[in-house]
Amino acid sequence: MRIVTWNINSVRLRLPLLQRLVEDLDPDVVLLQETKVQDPQFPLKDIAKLGLTHSAIRGMKSYNGVAILSKHPLTDPDGHDWVGRDDARHVLATLPNGVEIHSLYVPAGGDEPDPAVNDKFRHKLDFVSEMTDWFPRARDPKAPILLAGDLNIAPLESDVWSHKQLLKVVSHTPVETEGLARAQEAFGWIDAMRAHTPAPERLYTWWSYRAKDWRAADRGRRLDHVWLSPGLEGTLRAMRVIEDARGWEKPSDHAPVVVDLDL
DNA sequence: ATGGTCGGTTGCCGA
């Protein structure tokens, strides 16, 4: 089974790029983040033409928004609002093979990495903390669960272009990377991208729009992740970051990540 | 040290 996750940064603007991605990769399931559209306006009919006829979506006006798009039927769609905000950052659904899929968009956290003065950073830390507690309470790690999306944290030194220069930059500060490590440990999540491509090999999924030549500068960060529950241990067959998609016409600033699981 | 670019029921805000 092939699963793709992508922060698309507006699903309506980039529908042609989604079409190209689906034609190129023929995925069973696509997870999206930053769809930036309310549910009634989500382009489900166009996406069904690509063969992704089943969906679980949670959107809002202008900001955030997550989706699960699938060739196969989806049951028990749901979503959670951590930190008590109804802001469309999480959706989940179950595939016919029993695998539960979660699409997640963690708050970016603003510019100032100090929760005392920056409410966006406080929100990010609280969101990760509540999510950390939720999974062991609500789910059995032995169950087959995949969690993927834009976690907005690059945890390892080789997940960023310069560990030293980014230590005080939101996405790579110790309080964030330690929080993400706790979330991973609390449920026993397997970091599928790093299981396939171990550190210290360079592995990025995001390059700023502000660089004049993103490919040459290669100042990337691994903000997008695919996590597997212990119940899915041993199923990972392949993983690839579709870096070329960052160079397509009118690109998202995130590249898609594809995993193949033996299910 | 600074400013750089995107998207959205836009003229700022969030990323």
Side-chain angles (χ1 to χ4, degrees), chain A residues 5-21 31-43 46 57-67 81-83 85-90 103-115 117-128 148-155 159-162 164-173 175-177 179-180 204-225 243-257:
Chain A
T5 184
W6 191 21
N7 179 322
I8 195 168
N9 189 14
S10 174
V11 68
R12 287 177 292 179
L13 190 69
R14 277 180 250 289
L15 200 54
L17 301 194
L18 180 61
Q19 180 173 2
R20 178 170 174 185
L21 185 75
L31 313 188
L32 298 178
Q33 302 84 37
E34 281 207 87
T35 53
K36 295 187 172 178
V37 63
Q38 294 175 101
D39 293 350
Q41 281 79 48
F42 199 104
D46 296 299
I57 60 177
R58 287 188 79 205
M60 60 186 284
K61 190 190 277 192
S62 191
Y63 301 112
N64 312 330
V66 286
D81 295 315
W82 293 299
V83 203
R85 301 192 195 188
D86 181 14
D87 59 357
R89 295 180 179 277
H90 176 242
S103 179
L104 183 64
Y105 177 52
V106 171
D111 289 332
E112 180 58 55
D114 180 354
V117 300
N118 176 7
D119 181 60
K120 293 197 205 56
F121 196 67
R122 175 81 269 157
H123 180 210
K124 181 180 198 175
L125 299 181
D126 290 347
F127 187 99
V128 171
D150 178 4
L151 305 189
N152 266 316
I153 297 171
D159 291 335
V160 294
W161 64 275
S162 169
K164 199 175 169 184
Q165 287 178 254
L166 289 172
L167 270 171
K168 291 179 178 175
V169 174
V170 171
S171 74
H172 193 61
T173 66
V175 66
E176 293 170 85
T177 57
L180 196 70
Y204 310 148
T205 65
W206 176 88
W207 295 261
S208 172
Y209 282 129
R210 294 174 187 173
K212 54 177 174 278
D213 187 341
W214 71 275
R215 207 189 290 268
D218 197 27
R219 294 188 167 191
R221 305 178 203 173
R222 184 170 71 111
L223 302 182
D224 302 272
H225 298 262
E243 289 193 26
D244 280 353
R246 182 62 181 78
W248 291 349
E249 187 81 15
K250 294 276 282 177
S252 168
D253 45 356
H254 292 254
V257 180

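Just so we're clear, the structure is a prediction, and the values are computed from it rather than from any experiment. The chains referred to below are lettered A, B, ... by the order of the sequence lines, with proteins before strands, and numbering in each begins at 1. Computed from heavy atoms alone, side chains included, the values below leave out hydrogens, waters and symmetry copies.
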Give each protein N/O atom lying under 3.5 Å from an N/O atom of nucleotides 13-15 of chain B, with the pair distance.
{"unit_1": "B:dG14", "atom_1": "OP2", "unit_2": "A:Lys120", "atom_2": "NZ", "d": "3.4"}
{"unit_1": "B:dA15", "atom_1": "N6", "unit_2": "A:Arg210", "atom_2": "NH2", "d": "2.6"}
{"unit_1": "B:dA15", "atom_1": "N1", "unit_2": "A:Arg210", "atom_2": "NH2", "d": "3.2"}

For A:Asp159, all residues meeting salt bridge (Lys or Arg N to Asp or Glu O under 4.0 Å), sequence neighbours excluded = A:Arg194, A:Arg222

B:dG11 to B:dC6 separation - C1' atoms, rounded to the nearest Å | 16 Å

With a 4.5 Å limit on heavy-atom distance, are the side chains of A:Asn152 and A:Ser171 in contact?
-> no

Is there a donor-acceptor contact under 3.5 Å linking the side chains of A:Ser252 and A:Asn9?
-> no

Not counting sequence neighbours, which residues clear side chain to side chain donor-acceptor pair (under 3.5 Å) with A:Arg122? List them please.
-> A:Asp126

May I ask you to check whether A:Asp224 and A:Trp206 show a side-chain donor-acceptor distance below 3.5 Å?
-> no

How far, in whole Å, is B:dT5 from B:dT10 if one measures between their C1' atoms?
-> 15 Å

B:dG8 C1' sits how many Å from A:Ile8 CD1, rounded?
-> 15 Å

Please state how far atom CG in A:Asp213 lies from atom P in B:dT5, giving the value in whole angstrom units.
-> 14 Å

In whole angstroms, how far is the P atom of B:dG8 from the CG atom of A:Leu15?
-> 12 Å

Return the value, rounded to whole Å, for the distance between atom NZ of A:Lys250 and atom P of B:dC6.
-> 8 Å

Between B:dG3 and B:dT9 - P atom distance, rounded Å | 29 Å

Determine the Euclidean distance between corresponding P atoms of B:dT2 and B:dG14; express it in Å to zero decimal places.
-> 23 Å

Would you indicate what A:Arg219 reaches in the nucleic acid, counting non-hydrogen atoms under 4.0 angstrom: base, sugar-phosphate, or nothing?
-> nothing

Considering only the P atoms, how many Å lie between B:dG8 and B:dG4, rounded to the nearest integer?
-> 22 Å

Nearest-Å distance for atom pair CG/P, residues A:Leu17 and B:dC6 | 14 Å

Please name the pair of heavy atoms, one in A:Asn64 and one in A:Asp87, separated by the smallest distance, quoted to 0.1 Å.
-> ND2-O, 3.0 Å

Remember a base hit wins even if backbone is also touched, and classify A:Gln41 as base, sugar-phosphate or nothing at under 4.0 Å, heavy atoms.
-> nothing

Verify, without hydrogens or angle tests, whether A:Lys36 (side chain) and A:Tyr63 (backbone) share a donor-acceptor contact under 3.5 angstrom.
-> no

Taking only N and O in the side chain of A:Arg14, is any of them less than 4.0 Å away from OP1 or OP2 of B:dC6?
-> no

